[in-house]
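Only one structure is covered here, and it is reproduced in the block below.
The analysis underlying the following values was restricted to heavy atoms, covering all of them including side chains, and did not include hydrogens, waters or symmetry mates. In the text below, chain A, chain B and the rest are named by the order of the sequence lines, each starting its count at 1.
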Amino acid sequence: MTTIDNGVNVQALLDAREALKGAPEAAQFTWRASSKWQNGVHSTTTIQNFFGLGQEQSHKSETVFTADHPEVFAAEDNGITPIEYLLVGLAACLTAGVASVAQNRGIQLRSVESTVEGNHDIRGILGADSDVRNGFNDIKVTFTIDADASPQDIEALVAQSQKRSAVFDALTNPTNVTVEVA
Amino acid sequence: MLERGEVANSWRRERWDSLRLLTPNWQSRLPGHRYEGPDPDGYMTMGEVIEFIERFATVSRTPVRTGTNVRSVRRTDDGYRVTTSRGEIRCRAVVIASGACNQPTVPQFTDAVPASVVQLTPFDYHGPTNLPDGGVLVVGASATGVQLAAELKRSGRPVILSVGEHVRLPRLYRGRDVLWWMDASGVWNQRHDEVDDLTRARRLPSPQLVGTPERRTLDLNALAAMGVELVGRWAAVRDGRALFSGGLRNVFSLADLKMQRLLDTFDEWARAHGCDAEVDPPERFAPTHVPESARWQLDLRSGEIRTIVWATGLRPDYGWLDVPVVDAKGRLRHEGGVVDSPGLYALGLPVLRRRKSTFIHGIEDDAREVIDHLTRYLAVRHSLA
């Protein structure tokens with residue numbers, strides 16, 4: 001167990017779990033993004049600060065995300081489409097989960113790769129067919145994992161990473177969304 | 001011993017008509033009393049369970065005061081004051097044996113269900129005949145959920161089953177009852193202080209089992225083969241529509257993997273104990289079949305569903321316990337049945353001291369240890385006085 005190192009500080013996470021059991025207020029986080037229209041369907045979204053553990057927090061540095069639409073949508077393609085950011089979030093979240101669960105279960109990872117495909121019928125967003133939804137119809141994630149573990153244990157890693165994933169939950173379960181004009 | 005109703009009261013009044021025990025008859029054993037009928041591998045009907053418990057009350061000469069409802073238990077200087085519907089009792093120690101299943105739990109969004117849909121809990125359900133004709137949405141895939149879904153489907157109704165995390169088990173494994181394996185392999189004897197995640201173990205839903213004369217398996221594949229439609233965990237109601245989780249595939253994987261791991265444990269035990277020749281060869285079951293596309297919403301006003309059966313769990317009721325030993329989630333604070341208040345004890349709660357704690361045969365070992373603690377407590381108190 002001591003030789004296993006996936007680079008995840010599991011002890012810190014387990015300590016946080018214990019500490020926050022008795023302090024639910026400190027567990028309340030607010031993640032924030034600020035977005036600005038550039039031109040056409042091109043926008044930039046900036047992320048640096050968030051709230052958690054009872055106070056304002058900050059990432060080491062600011063990150064700017066550029067979103068646009070591809071040329072087949074008659075746009076300039078300055079960046080990926082907004083719905084592709086959901087795939088980024090899902091892949092990153094499940095991968096982080098696989099690494100954390102593996103560390104906790106004493107499984108050394110050698111490589112974790114995944115491909116994420118979201119099937120999208122764009123007749124929905126175009127208003128071409130009111131029976132078609134705007135969002136993804138389904139999403140498929142395929143992991144390829146090389147680790148010191150049986151295929152069954154690897155399956156269990158991937159299952160547990162979904163069970164504890166924020167983005168998997170956000171995509172598979174409804175969330176109240178309020179959009180206002182300030 | 002105080003009993004609010006008659007002996008075996010909850011078995012008489014809080015169970016549906018067709019229910020049989022999940023444990024085989026040979027496992028129904030209490031100190032000095034066991035099943036001695038002609039069908040040790042069968043499963044008792046409710047009538048038989050009531051008779052079994054009544055007989056135990058008689059042979060054990062337990063001084064049961066029936067029709068005595070406990071209204072409050074309060075701490076006093078030297079023990080407890082118990083107020084009942086038949087007067088007050090002062091005592092130095094109290095054992096809470098009122099069980100973990102006093103009230104059905106339902107999600108908060110039941111209020112948002114349109115009034116045209118009838119809502120029932122397992123406590124209201126007796127059999128298919130007291131339901132309106134038409135579709136039924138059964139919520140929850142524990143033993144209760146799968147049994148009611150199967151019974152309602154057989155009554156000719158369209159049935160949709162909403163499935164969250166669940167525990168899948170085959171009825172028979174390698175020719176033996178799966179609960180024989182739980183017993184023989186020692187899994188059921190695993191102690192509360194040996195279990196990895198005790199909070200999780202205590203919250204586990206009941207396994208997908210049914211007691212039938214045919215000893216059949218009632219997992220989700222069996223239900224799907226009967227024509228029950230499977231949907232994800234019910235997450236919310238929005239504009240009169242039920243919204244189900246899109247994570248169905250993963251709850252199937254989790255349950256399949258856990259079942260496999262348990263069967264591996266059984267196989268290892270059989271090998272290590274030289275039992276391989278006495279049982280059939282190891283077997284593996286098909287993974288839970290994932291529907292081509294499970295629907296994630298259902299219009300509750302469309303008339304497709306006339307009834308919702310909430311098989312979403314049961315919880316204890318400690319409304320009468322005026323001692324501060326219940327946590328924010330309504331669970332009793334105790335360590336192996338020794339409650340966090342001197343002289344107060346509990347029995348018959350999930351994984352109280354062992355995994356088998358809530359099964360009829362599981363109470364004996366727990367009771368010996370808890371009562372041992374209680375008598376030592378009384379002796380020390382006595383010598384101090």
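- For R333(B), the CZ atom counts as densely surrounded, since its 6.0 Å shell holds more than 12 non-hydrogen atoms of other residues, nucleotides or ligands.
- Near-neighbour residues of residues 14-35 of chain A relative to chain B, defined by a heavy atom under 4.5 Å from a heavy atom of that chain, are none.
- If you tally non-hydrogen atom pairs under 4.5 Å between each of A235(B), S245(B), A236(B) and chain A, the highest count goes to S245(B).
- Within 6.0 Å of CD on Q297(B) lie more than 12 heavy atoms contributed by other residues, nucleotides or ligands.
- The 12-atom threshold is exceeded at CZ of R295(B), counting heavy atoms of other residues, nucleotides or ligands nearer than 6.0 Å.
- R249(B) does not touch chain A: none of its heavy atoms, backbone or side chain, sits under 4.5 Å away.
- In D239(B), the CG atom is not crowded: 12 or fewer heavy atoms of neighbouring residues, nucleotides or ligands sit closer than 6.0 Å.
- The number of heavy atoms from other shown groups lying within 6.0 Å of CD (E117(A)) does not exceed 12.
- For N176(A), the parts lying under 4.5 angstrom from a heavy atom of chain B are both the backbone and the side chain.
- When all heavy atoms of L254(B) and A159(A) are compared, the closest pair comes out as CD2-CB, 3.7 Å.
- Contact check for S253(B) versus E155(A): no side-chain heavy atoms found under the 4.5 Å cut-off.
- No more than 12 heavy atoms of other residues, nucleotides or ligands sit less than 6.0 Å from atom CG of D196(B).
- In this structure, chain A has a heavy atom under 4.5 Å from the side chain of E165(B), while its backbone stays farther away.
- Around the CZ atom of R171(B), the shell of radius 6.0 Å holds more than 12 heavy atoms that belong to other residues, nucleotides or ligands.
- When the shell of 6.0 Å around CD of Q119(B) is examined, it contains more than 12 heavy atoms from other residues, nucleotides or ligands.
- Here the OG1-CG distance, from T172(A) to L243(B), works out to 12.0 Å after rounding to the nearest 0.5 Å.
- For a residue to count as touching a neighbouring chain, one of its non-hydrogen atoms must lie under 4.5 Å from one of that chain's; by this rule S165(A) does not touch chain B.
- For D264(B), the part sitting under 4.5 Å from any heavy atom of chain A is the side chain, from C-beta outward, and nothing else.
- The residue among G246(B), S293(B), A328(B) with the most heavy atom pairs within less than 4.5 Å of chain A is G246(B).
- The two residues N250(B) and K163(A) make their nearest non-hydrogen contact at ND2-N, 3.6 Å.
- Proximity of N173(A) to F244(B): side-chain heavy atoms (C-beta onward) are nowhere separated by under 4.5 Å.
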